[in-house]
Amino acid sequence: MHPETERGNYIKEEIRRDLEAGRVDHVVTRFPPEPNGYLHIGSAYAINISWSMTQAFNGKFNLRMDDTNPAKEDMHYVEAIVADVDWLGVDYGGEPVFGSDYFPQLFDYAVDLIKKGRAFVCDLSGDQLREYRGTLTSPGTNSPFRQRSIEENLDLFLRMRDGEFPNGAKTLRAKIDMTSPNMNLRDPVLYRIVKHHHYRSGDEWCVYPMYDYAHPLQDYIEGVTHSLCSNEFVNNRPLYEWVLNSLDLPGNIPRQIEFGRLNITGVVTSKRYLRTLVAEGVVSGWDDPRLPTLKGMRRRGYTTEAIFGFLQEIGIPKWEATVDVAMLEYFVRQDLQDKVPCVMTVLDPLKVVITNKDDVEMLEIENHPKDESFGTRQVPFGPEIYIERADFAENPPKKFKRLAPGVEVRLKGGYFIRCDDVIKDANGEVVELRCSYDPDTKSGAGFDGRKPKGTIHWVEASEAVPCEVRLYEPMFSEQPDEEKLLETLNPDSLQVMANALTEPGTKEMLAAGKNQMQFLRNGYFIEDTDSTADKLVFTRTVSLRSSYKPSKS
RNA sequence: UGGGGUGUCGCCAAGCGGUAAGGCACAGGACUUUGACUCCUGCAUUCCCAGGUUCGAAUCCUGGCACCCCAGCCA
């Protein structure tokens, strides 16, 4: 085997082969989104595949709007797409390119095709076209217009362009083979009449090229060497090649190579369903943190490093693969862990009175458990604090490493406290804990006389900052059934902790420009776009991993 | 159903005729002022199935099976 042969990435291997064989001497790839929707994790995956190839071979990467359908596309989407790609940090040469800019050349190529006798104008209606096409098992039938003369075809095509015929009246079709077992080759439509304003070319055109005709030529015009796409297009490859070969084009001809689609457990990426969720108001918008859109993931606090790390690890499947979300979350934690500070926030506060404490003192606590460069901060501790309701149990189960009557725990960065008394309201609900602290056990003092049951986080009452914390869970109860999407929704995908309290240090972090941090024991959070100076709002990016398994009884 | 594509651990995934990498998840254990992090350990005698070729097969051949894609004037 060649020592340079790239393993584990068949596309890279193919490209290298092309380079070594001299078929090409450089690499150009492209990502061709249609500006009719927002980018999502699957888009990032596709972008990464094409982009990483140009990184590997010092090539060029184009971001091309695949805008050949005037009825569906909009400038709003190109702006959104550009913003998302910019966020990913992928370099596409500064400016996106537009497939619609090649309309004139595409038209000329079509004229060429007609002159070569390889395309004809067909008057069949949509319904007739379908009938003539045949089925998967039966061959199609030649169009009665297939034998028109080149002159007549030319004349008709020009008149189609000039708007002489109504929408759908005629099409330009390739003359290939109506009996081909590959449906794409049964004289496919190349151009259709669409009198519709195009967001970019305006009203200049009455005819628009179809994807199968436009794509290979757009690639060719841009000098794309390797056109990488998902394998739903394998059946289209013969047509892609037919278009290029039929034109006898000089120079490098692009080569299409397919890769498998990416699915993630519990996540839906199809535009249609994403649109449904937004339209039905199931989510707050395209940037809802529960959505796998790039905007959603960005708002949720996923970093581009985490996303690329994840993509790097899953590789390039040849066929559709469904990766466990846990893998994505793992990379998010891995990335955040080293770069965000750690503060304390109590999501569901339970009041604790420290009976033997009457002053408020400042404790110095480190901002990161491993990295000293994050420095330390002053955290107040006084006679009244709040702890997490879940960190107290009147009747603790086995192995409960938190607070319980008569039990002693350590307050992170502070002292040991012992629960002496439990105060309940009329309904028997615990509303307050009376605890005593041991001054000898101050953090860092080296006290080792006793071992506390565990360490919990807390927030001092007088300086506590109220905030809203949003916890997210998967949108669907299980692997979503796309046909019954709204029925498989997880009703608890968003949990709002409206009465959360965070330590003053959190505001300091925000003031210092750090909008992402770990809330000790609760996970990684990001200040939400809904947050204001009056009302802080945090979104949980991802929870911490936990090996704690509550016992059944 | 005609054609095309794909089948290696629960999930991704290496492997390219020489005797099954790695990651996630999971299960134990160490450490721990986060039940986090980190660190150990375990986790496919077997590669969709059945035959065949070979000293030797996940890799080659034959035949099955399963799943996915294609019948838009969408992309």
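You'll find that the side chain of A/Asn184 is closest to B/C70, out of B/U34, B/U1, B/C70. Here the side chain of A/Lys370 is nearest to one of B/C73, B/C37, B/C12, namely B/C37. Of the candidates B/U38, B/C73, B/C12, B/C12 carries the atom nearest the A/Ile314 side chain, counting heavy atoms from C-beta on. Set against B/G5, B/C70, B/A75, the side chain of A/Trp319 has B/G5 as its closest nucleotide. Side-chain proximity of A/Thr137 to B/A71, B/G2, B/U34: nearest is B/G2. Minimum atom distance to the side chain of A/Leu136 is reached by B/U1, of the listed B/U1, B/C12, B/A75.
Projected onto RNA chain B by closest heavy-atom contact, A/Cys342 and A/Met327 fall at different nucleotides, the more 5' of which corresponds to A/Met327. Toward the 5' end of RNA chain B, the nearer of the two residues A/Tyr330 and A/Ser443, judged by each one's closest nucleotide, is A/Tyr330.
Distance A/Phe233 CZ to B/G72 C1': 13 Å, rounded to the nearest Å. Remark: P of B/C24 and CZ of A/Phe331 are 7 Å apart, rounded to the nearest angstrom. For the pair A/Lys339 NZ and B/A36 C1', the interatomic distance rounds to 18 Å; values are reported in whole Å. Between A/His457 atom NE2 and B/U32 atom P there is a gap of 21 Å when expressed in whole angstrom units. We find that CZ of A/Phe120 is positioned 13 Å from C1' of B/C73, with the value rounded to whole Å. For A/Glu313 and B/C11, the CD to C1' distance is 12 Å, given to the nearest whole Å. Straight-line distance from the CZ atom of A/Arg333 to the C1' atom of B/G23: 15 Å, rounded to whole Å.
Residues meeting the ring-ring contact (aromatic ring centres under 6.0 Å, His included) test with A/His457, sequence neighbours left out: none. In this structure A/Arg389 satisfies the side-chain hydrogen bond (donor to acceptor under 3.5 Å, both in side chains) test with no other residue, sequence neighbours excluded.
Under the 3.5 Å distance criterion, with hydrogens and angles disregarded, a donor-acceptor pair is assigned to the side chains of A/Asn263 and A/Glu320. Using modelled atom types and a 3.5 Å distance limit, the side chains of A/Asp212 and A/Asn236 yield a donor-acceptor pair. A side-chain donor from one of A/Asn62 and A/Glu222 sits under 3.5 Å from a side-chain acceptor of the other.
One donor-acceptor pair, N or O on each side, does fall under 3.5 Å between the base of B/U34 and the side chain of A/Gln518. Side-chain atoms of A/Asn235 come within donor-acceptor range of the base of B/C69, with a qualifying N/O pair under 3.5 Å. Looking at A/Arg402, its side chain comes within 3.5 Å of the base of B/G35 through a donor and an acceptor atom.
For the C1' atom pair drawn from B/C69 and B/G51, the interatomic distance equals 30 Å after rounding to whole Å. Comparing B/G4 with B/C73, their C1' atoms are spaced 24 Å from each other, to the whole Å.
As the counterpart of B/A20, no nucleotide is assigned, since no Watson-Crick or G-U wobble pattern has both distances under 3.5 Å. Across all strands shown, B/U32 remains unpaired; no Watson-Crick or G-U wobble contact has both distances below 3.5 Å. B/A71 makes up no base pair with any nucleotide shown, lacking Watson-Crick or G-U wobble contacts both under 3.5 Å.
Counting non-hydrogen atoms under 4.0 angstrom, A/Phe400 reaches a base of the nucleic acid.
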